[in-house]
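In what follows, a single structure is set out as structure tokens and then discussed.
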Amino acid sequence: MTTLVLFACLFVFMALGMPVAISLGLSSLLTIFFFSQDSLASMSIKLFETSEHYTLLAIPFFVLAGNLMSTGGVARRMVKFAIAAVGHLRGGLAIASILACMLFAAVSGSSPATVVAIGSIVIAGMVKNGYTKEFAAGVICNAGTLGILIPPSIVMVVYAAVTEVSVGRLFMAGVIPGIVLGLMLMIAVWWRAGKLQLTPPPKASFGEVFKALRESLWGLALLAIIMGGIYGGVFTPTEAAAVSAVYALFVAVFIYRDLGFKDLPEVFLESSKTTVMLMFIVANALLFAHVLTTERIPQTIAEHILAVGMTPWMFLLVVNIILLIAGNFMEPTGIILILAPILFPIATQLGIDPIHLGVIMVVNMEIGMVTPPVGLNLFVTSGVTGMNLVQVTRAALPWLAVLLVFLVMVTYIPAISLALPNAIFGP
């Protein structure tokens with residue numbers, strides 16, 4: 001009865017159009033009020049304590065670093081380097097756009113930010129060089145999803161906070177999948193571009209490539225600082241987020257000088273708005289997770305699953321179906337916060353590595369960002385290109401097949417996710 005009331009309230013509130021955060025918090029409070037032994041006073045303390053989670057401190061710093069990099073000219077220099085490096089290949093401008101998305105994802109941690117930063121630069125250039133606007137929009141919309149898979153990733157930080165797994169291991173687990181997905185998208189573009197009969201730009205000289213690399217090096221160095229600092233034991237992932245924000249500020253203002261001091265208040269304000277929105281969702285979702293735990297809902301579901309003899313591969317298939325459906329109607333953070341506390345204990349009981357589960361969930365969130373009706377990347381791409389939502393959706397769907405094939409690979413070949421973290425930290 002408790003489980004029924006909790007989820008019934010959640011879905012009813014969301015169907016009525018309430019924000020995800022309000023739906024999570026209100027359904028939790030009603031369940032506690034009518035069915036739990038906890039007092040409402042203790043819940044107010046719990047709501048406050050969830051916001052003090054040390055891992056969650058990484059979110060505002062990564063958001064700020066991403067905004068500084070987005071508006072500070074880093075994306076433009078990365079695009080220039082990517083075009084110099086691979087622009088001469090068949091479909092080179094589109095391939096360079098994917099490479100630029102991969103590079104920018106490594107410093108932003110956000111898919112919409114990657115689409116805006118890279119798409120606003122390359123889509124017009126691709127159209128000017130003979131690509132259709134639909135082709136360009138579809139490529140960028142899907143390649144932008146790498147923003148939450150290639151570390152650092154805000155979605156990964158949220159998953160780590162909810163499940164209390166290592167952020168460092170999770171970040172490292174996203175490296176190989178991110179590279180593999182990027183290469184798969186490049187191969188798909190190369191194959192499709194062969195039918196368009198486009199003339200690629202001339203091959204850049206070694207000097208031009210080196211110059212473009214040197215100009216973008218300050219932005220690329222952020223990845224080395226974050227990952228090197230974490231795995232070198234210099235600082236924790238949360239401290240790395242703070243370092244990345246300070247470094248991004250220094251590069252944008254004093255090195256590239258694309259941002260002036262007069263521009264900083266607006267960047268700080270936008271970062272604050274995003275942070276408040278995310279943290280309000282997180283606080284209410286962790287309250288929801290607390291109700292799940294105290295009422296032993298995940299454990300009960302796990303016992304039923306084990307009783308019917310569901311194997312790990314069958315469970316992962318069900319997980320993917322649930323997440324793909326949820327991705328059509330909710331944004332990634334909300335899905336992670338609602339479903340991770342439920343799926344995590346079951347996966348543990350079945351012997352599935354929690355880091356592997358985390359990567360599977362993130363890849364599902366990527367697909368959700370390019371599927372209607374609430375795919376964030378669809379709306380962002382629509383704003384960048386001026387195309388309506390239906391046109392963007394049609395443009396993105398052919399490339400979605402690549403993401404679905406990749407999801408199957410990540411789900412049933414755990415080594416793609418676990419090889420690197422196991423090699424560094426041990427199994």
Side-chain angles (χ1 to χ4, degrees), residues 58-59 62-63 66 69 78 97-119 139-160 163 165-188 222-223 226-227 230 237 319-320 323-324 327 331-333 335-336 340 353-371 375-377 380 396 399-411 413-421:
I59 292 177
F62 278 134
V63 168
M69 288 291 185
M78 287 181 174
S97 301
I98 296 171
L99 177 58
C101 286
M102 294 172 68
L103 295 174
F104 191 78
V107 298
S108 72
S110 166
S111 286
T114 302
V115 173
V116 171
I118 304 301
V139 169
I140 294 300
C141 186
N142 282 272
T145 63
L146 290 164
I148 61 172
L149 180 60
I150 296 177
S153 164
I154 295 172
V155 172
M156 286 184 176
V157 172
V158 173
Y159 175 85
T163 60
V165 300
S166 166
V167 179
R169 287 185 72 98
L170 197 55
F171 276 4
M172 192 54 70
V175 173
I176 293 179
I179 294 172
V180 170
L181 179 55
L183 291 174
M184 289 175 66
L185 287 169
M186 289 179 186
I187 292 169
L222 180 59
L223 177 62
I226 294 174
M227 305 305 282
I230 293 173
V319 166
N320 283 331
L323 292 174
L324 288 173
E331 54 87 32
T333 304
I335 297 174
I336 293 287
D353 192 297
I355 299 296
H356 181 211
L357 177 67
V359 174
I360 291 172
M361 294 193 74
V362 171
V363 175
N364 275 283
M365 299 306 97
E366 287 188 279
I367 295 172
M369 299 190 84
V370 292
T371 52
L376 292 178
N377 281 19
V380 174
W399 307 102
L400 186 60
V402 178
L403 272 66
L404 290 170
V405 171
F406 176 70
L407 173 62
V408 174
M409 292 170 56
V410 166
T411 301
I413 310 176
I416 296 176
S417 306
L418 300 179
L420 200 54

Exercise. Do the non-hydrogen side-chain atoms of Val359 and Pro177 ever get within less than 4.5 Å of each other?
Worked result: yes

Exercise. Measuring from Met365:CE to Leu324:CG, what's the distance to the nearest 0.5 Å?
Worked result: 8.0 Å

Exercise. Please walk me through it: do Leu99 and Met78 pass side-chain contact (heavy atoms from CB on, under 4.5 Å)?
Worked result: CA-CA 9 Å; Leu99 177 58; Met78 287 181 174; over 6 Å; no

For this session: Show your working on side-chain contact (heavy atoms from CB on, under 4.5 Å) between Ile148 and Glu366 and close with a plain yes or no.
Result: CA-CA 7 Å; Ile148 61 172; Glu366 287 188 279; 3.8 Å; yes

Exercise. How about Ile140 and Ser97: do any of their side-chain heavy atoms sit closer than 4.5 Å?
Worked result: yes

For this session: Can you measure from CG (Asn377) to CD1 (Ile367) and round to the nearest 0.5 angstrom?
Result: 12.5 Å

Exercise. Looking only at heavy atoms, what is the nearest atom pair of Thr163 and Ala340, with distance?
Worked result: CG2-CB, 4.2 Å

Problem set entry | Tyr159/Leu170 under side-chain contact (heavy atoms from CB on, under 4.5 Å): CA gap, chis, key distance, verdict | CA-CA 9 Å; Tyr159 175 85; Leu170 197 55; 3.6 Å; yes

Exercise. Out of curiosity, Met69 CE to Phe104 CZ, how far, rounded to the nearest 0.5 Å?
Worked result: 8.0 Å

Seminar exercise, completed: Separation between CD1 (Ile355) and OG (Ser166), nearest 0.5 Å, reads 6.0 Å

For this session: Flag the pair Trp399 / Thr145 as yes when at least one side-chain heavy-atom distance between them is below 4.5 Å, and no otherwise.
Result: no

Exercise. So do the side chains of Ile226 and Phe62 get within less than 4.5 Å of each other, counting heavy atoms only?
Worked result: yes

Problem set entry | Approximate separation, where rounding is to 0.5 Å, of Leu103 CG and Ile98 CD1 | 12.0 Å

Problem set entry | Side chains of Leu403 and Met184 in contact at under 4.5 Å (non-hydrogen atoms) | no

Exercise. Does the side chain of Met102 reach to within under 4.5 Å of the side chain of Met186, using non-hydrogen atoms?
Worked result: yes

For this session: Carefully, step by step, assess Val402 and Asn142 under the rule side-chain contact (heavy atoms from CB on, under 4.5 Å).
Result: CA-CA 9 Å; Val402 178; Asn142 282 272; over 6 Å; no

Seminar exercise, completed: Residues Cys141 and Val370: closest non-hydrogen pair is O-CG1, 3.4 Å

For this session: May I ask you to test the Asn364-Ile335 pair for a side-chain heavy-atom distance under 4.5 Å?
Result: no

Exercise. Taking atom CD1 of Ile416 and atom CD1 of Ile176, what is their separation to the nearest 0.5 Å?
Worked result: 8.5 Å

Seminar exercise, completed: Here the pair of heavy atoms bringing Cys101 nearest to Gly144 is SG-N, 4.2 Å

Exercise. Looking at Pro151 and Gly174, what are the two nearest heavy atoms and their distance?
Worked result: CD-C, 4.0 Å

Exercise. So, do Leu185 and Phe406 sit near enough that their side-chain heavy atoms are less than 4.5 Å apart?
Worked result: no

Exercise. Closest approach of His356 and Val410, non-hydrogen atoms and distance?
Worked result: NE2-O, 2.9 Å

Exercise. What's the shortest heavy-atom distance between Leu376 and Pro332, and which atoms?
Worked result: CD1-CD, 4.2 Å

